[in-house]
Structure formats: structure tokens, C-alpha cells
Amino acid sequence: MDNIRVRFAPSPTGTLHIGGARTALFNWLFARKYNGKLVLRVEDSDIRRSREDSARGIIEGLRWLGLDWDEGPDAGGDFGPYRQSERIDIYSQYLKLLLEQDQAYYCFCTAEQLAAEKEAARQSKSDYKYGGHCRHISKNEAEERIRSGEAAVVRFKAPTDGVVVVNDLIRGEVEFDNRLLDDFILAKSDGGPTYNFAVVVDDHCMAISHVIRAEEHLSNTPKQILLYKALGWGLPQFAHASMILAPDRSKLSKRHGATSVQEFRDDGYLPEALINYLALLGWSSKEDRDFWTREELLERFSLDGISRSPAIYDMEKLSWMNGHYLAQADSERIAALLHEDAQRKGYLSNSRQQDKFLAVLELLKPRVKTVPAILEEGAYFFDPITKFDEKGCRKYFGQEDSLKIMEECLSLCQGSDFESAEKLEQELRQRAEDLKLKAAQLIHPIRLAISGRTATPGLFEVMMILGKSECIQRISSAILYAKSL
RNA sequence: GGCCCCUUGGUCAAGCGGUUAAGACACCGGCCUUUCACGCCGGUAACAGGGGUUCGAGUCCCCUAGGGGUCACCA
């Protein structure tokens, strides 16, 4: 395939959600795989709803994911401008053409009239279609009314019979009956283009070869095809991927928790994990395989692996996957991600603390699922123990011989030089043997005493990080606490 | 409601006329073990329903049901 040109065309009215991110990923993979170009186009033709910070957020999200593009508002390119708001002249030009060729016409119907028509249709339980009152207004009259300042939209003179066949790379041939169409609007009363018009002009002018987007656009495609034909243009190839649905099978929205890539980022997910997970949602290599690097995805990606049925995203699997990537991630990188929070919590106040922080990070990184979980799971390394796990207390502090055992733990610490985790373990096992106890009988109380919890990473590593005096101090406090029980 | 798309376990997802219907997440056992996580071993769990076609259907066709999308001067 040559001259592959694809685009990702977000509307800057919200965040980059995972559905959009996946569409961007598919386009990116397609462009990179076939040596094509990816263009980023900002579809901000609705000036009332578009927001500059949304556009920035979307771009930031794409960058965070590591998706890059060849042409776009920031990147430049020969087919710009890449914001619809800056392409008004271009739309006007083709609008004029359509008007001249009598393929479009001015419509003066007011919002009230239209609303009444819709209401009437609803009452009679028939489907609403624009009635076409203005379709037959003569060009002269229309122009006269425009000159006199009357507000108007421009409508497409849609065919009233025949069919449009969308030849979709993912779904095959999909047929639409033109009788169901009405004369849809091309230009709003403010002169701005509507989506279906702008997208056709842009995709053509930007020489887009493949339109890869989500299924929500499939129903719009026949209108767009009609427009391509009216303008005498060739068609791009279309490929409509299925949508990503929320766990309750409904369309993604804010009420479903984290759905935007920024939220995933802030919640401690790694971009490579999100990319990997998203790639597997709605696409399959047919191989029995879960982990894919970007390069491997590029190697294997193809449109025919894209699924036709909607996919429900599953946080559990994303988390599982993130945990794997996190375990392998470079510690410096994770430390940097945690830096601000750790600083705020006072975990980095001096260089001794900083070393300790790094050690904790190393210990926890392979066993948590998200980045911030390191701080949450490791809080006891930095903060004083304020409470002990309840069940653990009964089991390890509240037994008959608990105090005696705890005293042994204390003396063990006092007698050790804390040289290494291995040595510490050796000493503890020796002590247990001398006392005719199982090592676990010493291990569990110490764990509870120094962490307040019954589950931690390996005890001796934890002890080494806390250090001798801190262990002694914590065990002493725990003894006091146990006595009070 | 009309039109369009979709339908394999709770979720993702192989399968493309003949399989004991993969695998992964989750879940449940077991092993490992100082707990947790990891890892390893094992298990529960699916072809939406009904008609065809065929020697034979998860795979092809039709109908029904369910889900999703779309029908804006939103994109």
C-alpha cells in the first residue's frame, strides 16, 4: 500500500477517553506499520462547545501514551491548517460549489418551525424527516433573503431513492436506503460547517486514504459518501471498529469512574500497560499471547484482527497487566513519578530518608498494581504505627506466651548488628531453635509489631530498611501495647 | 420507534463445516513459603433461542430475542 494517510480527529469538548485513545492507537499502528502518515486534526467546528484546554489535554494524553503524529496543529504539514476553526474559508468554497451546482440550498425554516415538525412527527409516531419546504425556493429569492439579512442554514439536496453501500474494511458491505435520509444541514446559520460536511472536506483535502474510527460513525458514513459523490471526489477506505463499553454495557461516561487517559495516568497506570491493554481490547493477533511491546504490536497489527463486536473494558485485567509492567519498570522512573507525593508526605526530608524511600520502592514495586500503591502500602516505613491489625493482635499479641515471645524478639534485635537480611534471618532461626519454637512464631509478632500489619514483603528486608533502633523502638511500643490488652 | 452493527464462560478472546470448544483476567482449590504478592499445578464456567442447509454447524442462511450505535444548526 502506498500513500497511506490516516487521521485521528478528536473533538476538543472533553478528555481523551480510552475509546478515543484506542482509535488513535489503531490509526497510529496502521500509519507506522505501512509507512504512512498520521495526521492529528482538531475538530473544533462547534465553537460554543470546543475548549482550548480540552484540545491541550487530548494532545497531552496522546503524547503520554507515546503516540506521535506527522502532521497536526503543532506539527505543521502541507495539508493544514489542522484545526477546523481555521478552515472556514475552505468549507465555504465547497459550500459555494454545491450551492452553484444546485446540490445544496438555503433553508430559512426557524428552529421553532422545525421543533413543531418534529413534535408532530412524534405525535403521529412517524419518523421525522425535514419536510423540504425550502428545497424549492428559487435561487434568486434565496439570495435576496440572504442579502436582506435573513438567517439561513444550507442543506444538502439528498437523493430520495437508491442505496449507498459502505464498503467497510472491518464489516464488509453495509447498505443504507437513501429514502431514509433527509436534507441534512451542511452549514449552520453562523456559516460554520456541520460535522458531516467538514469531515468530508477535510478528509479529502488532507488526502486521507483510510478512515479508521469507531462504530458510532458508521451510520453517518452514507451521508458522507453522498457528499463525496456530490463533490466529485473519490472515496477513502472506511474501517469502523466497535466501541468500548463500560462494565454495565453502556456507553462510556464520567459516572463509570476513570475513563480518561489522564485519570489512568494519575491513578498510577503506566502508558505501556494501557497501550498493551487497549490493543487487546477489540483487536487480536490470533496468537495466544498477552504481553506486547509497541514494536511487537507494529509487527503484528492489521485491520483484520479488529473485532466487530463491542468490548467491555475490565479494570481487573488492566491492573494485572499494569502490575507486570510496574514490576519491570525502571526504579528511577517510578521514583520520579512518586516524587511529588512522597515529598509532600515528608518521606524525602533528608538523604537518609531518600535512601530509605528508594529501598522501599525497590521492595514494593514488584508487588503492587499501581504506582501510588507503593506509597500506600509502604506508609508504615515512614509513619509511626498507629494501629495494629485486629486479627493479628489476637493471634500474635493476645496469646498466653505472647509477651514472652515478644521479649525474645526484642532481645533478638538488641543483640543483632543488622548487617544483612540474610544474617538477620539466620540469627532469628537460631534463636527460634534455641527456644524450641518455629521461626514463624517469632516472625509474625515482629511483623505485626514493626508494621502494624500481617502482610508485608519479606520480614528481614523490612527490618533492614527500618534499621535496628527503629525495630527496637517499635517492638518495645508493641510490648507496651500488648500488655495493655 | 425507523435504520445500521453486534451476539463463544462474569470480562477479553481463539475458532473460519468434522476440536475432549484454546488461552488470559477474575474466582475456587493445591504447591511453594515467614505473611502477602509472584510463580507453578489443578478446577468451576460459554457457542442467546428457534428454524433451516448439510452425512455433519459455534462456524453458512432465515426468524426471534438481547445489547450497542445512529437518526441535532454535537462531533
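Here is how names work: the chains are called A, B, and so on, in the same order as the sequence lines, proteins then strands, and each is numbered from 1. Basis for what follows: all heavy atoms, side chains included, without hydrogens, waters or symmetry-related copies.
- Across all strands shown, A:Glu287 has no heavy atoms under 4.0 Å from either base or sugar-phosphate atoms.
- Annotation: B:C31 and B:U11 have their P atoms spaced 32 Å apart (nearest Å).
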Strictly under 3.5 Å: I want the nitrogen or oxygen pairs between protein and nucleotides 26-32 of chain B, one per line.
none

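- Nucleic acid contact for A:Phe460: base, since at least one base atom lies under 4.0 Å from a heavy atom of the residue.
- Rounded to whole Å, the distance from CD1 on A:Ile18 to P on B:C12 is 12 Å.
- For A:Asp248, the salt bridge (Lys or Arg N to Asp or Glu O under 4.0 Å) partners two or more places apart in sequence, or in a different chain, are A:Arg255.
- Here A:Lys157 pairs with A:Asp102 under the salt bridge (Lys or Arg N to Asp or Glu O under 4.0 Å) rule; sequence neighbours left out.
- Ion pairing between a basic and an acidic side chain is recognised when a charged N comes within 4.0 Å of a carboxylate O; A:Asp53 and A:Arg51 show such pairing.
- If you take CG of A:Leu318 and P of B:A13, they are 14 Å apart, rounded to a whole angstrom.
- Taking atom CG of A:Leu278 as the reference point, atom P of B:A13 lies 12 Å away to the nearest angstrom.
- With a 6.0 Å radius and a threshold of 12 heavy atoms from other residues, nucleotides or ligands, A:Arg453 has its CZ atom above the threshold.
- Where A:Arg289 and A:Trp283 each meet RNA chain B at their nearest nucleotide, the meeting point lying more 5' is that of A:Trp283.
- Across the P atoms, B:C4 and B:C55 are found 33 Å apart, a figure rounded to whole Å.
- Here the separation of B:U59 from B:U44, taken at their P atoms, is 25 Å to the nearest Å.
- With 3.5 Å as the limit, one finds a donor-acceptor pair spanning the side chains of A:Asp202 and A:Tyr91.
- Checking B:C25 for Watson-Crick or G-U wobble geometry (two distances, each under 3.5 Å) identifies B:G10 as its partner.
- A distance of 6.0 Å or more separates the ring centres of A:His210 and A:Phe26.
- Under the rule for a salt bridge (Lys or Arg N to Asp or Glu O under 4.0 Å), A:Glu407 has no partner lying at least two apart in sequence or in another chain.
- Contact annotation: A:Arg429 side-chain N/O to B:U34 OP1/OP2 distance is under 4.0 Å.
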Problem - Nucleotide-resolved protein contact map, nucleotides 66-75 of chain B, B/S/- at heavy-atom distance under 4.0 Å - result: -SBBS-SBBB
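- Residue A:Gly458 is classed as a base contact, given a heavy-atom separation below 4.0 Å to a base.
- Cation-pi geometry between A:Lys223 and A:Phe156 is not met at under 6.0 angstrom from the ring centre and within 45 degrees of the axis.
- Summarising the geometry of A:Phe418 relative to A:Cys471, their closest heavy-atom pair is CE2-SG, 3.8 Å, with the distance given to 0.1 Å.
- The residue among A:Asp290 and A:Leu459 whose nearest nucleotide of RNA chain B is located toward the 5' end is A:Asp290.
- Using cut-offs of 30° and 60° for the angle between ring planes, the A:Phe238 and A:His240 rings count as parallel.
- Of all nucleotides present, only B:G18 satisfies the Watson-Crick or G-U wobble test against B:C55, with each distance under 3.5 Å.
- Spacing between B:A21 and B:A57 at atom C1', rounded to whole Å, works out to 13 Å.
- For the pair A:Ser284 and B:A14, the criterion of a side-chain N or O lying under 4.0 Å from OP1 or OP2 is met.
- Per the geometry, CG belonging to A:Asn276 stands 12 Å off C1' belonging to B:A24, to the nearest Å.
- In a base pair of the Watson-Crick type (N1 to N3 plus N6-O4 or O6-N4) or a G-U wobble (N1-O2 and O6-N3), with each distance short of 3.5 Å, B:U70 is matched with B:G2.
- At least one test fails for A:Arg145 against the ring of A:Tyr106: distance under 6.0 Å to the centre or angle within 45° of the axis.
- Less than 4.0 Å separates RNA chain B from at least one heavy atom of each of the following residues of residues 432-449 of chain A: A:Ile443, A:His444, A:Arg447.
- Looking only at atom types and distance, the side chain of A:Gln93 has no donor-acceptor partner in the side chain of A:Asp89 under 3.5 Å away.
- For the pair A:Leu169 CG and B:C5 P, the interatomic distance rounds to 16 Å; values are reported in whole Å.
- Rounded to whole Å, the separation between the P atoms of B:U20 and B:C12 comes to 27 Å.
- Using cut-offs of 30° and 60° for the angle between ring planes, the A:His324 and A:Phe291 rings count as tilted.
- In this structure, A:Leu181 atom CG and B:G2 atom P are separated by 18 Å, rounded to whole Å.
- Residue contacts for A:Ile312: at a heavy-atom cut-off of 4.0 Å it reaches the sugar-phosphate backbone alone, with no base atom in range.
- As a whole-Å value, the separation of A:Arg367 CZ from B:U35 P is 12 Å.
- Annotation: B:A75 and B:G66 have their P atoms spaced 33 Å apart (nearest Å).
- B:G10 sits 34 Å from B:G2 when the C1' atoms are compared, rounded to a whole Å.
- For A:Met321 and B:A13, the CE to P distance is 13 Å, given to the nearest whole Å.
- Taking atom P in both B:A37 and B:G69, one finds a spacing of 38 Å when rounded to whole Å.
- Across every non-hydrogen atom of A:Arg49 and A:Thr13, the tightest pair is O-CG2, 3.4 Å.
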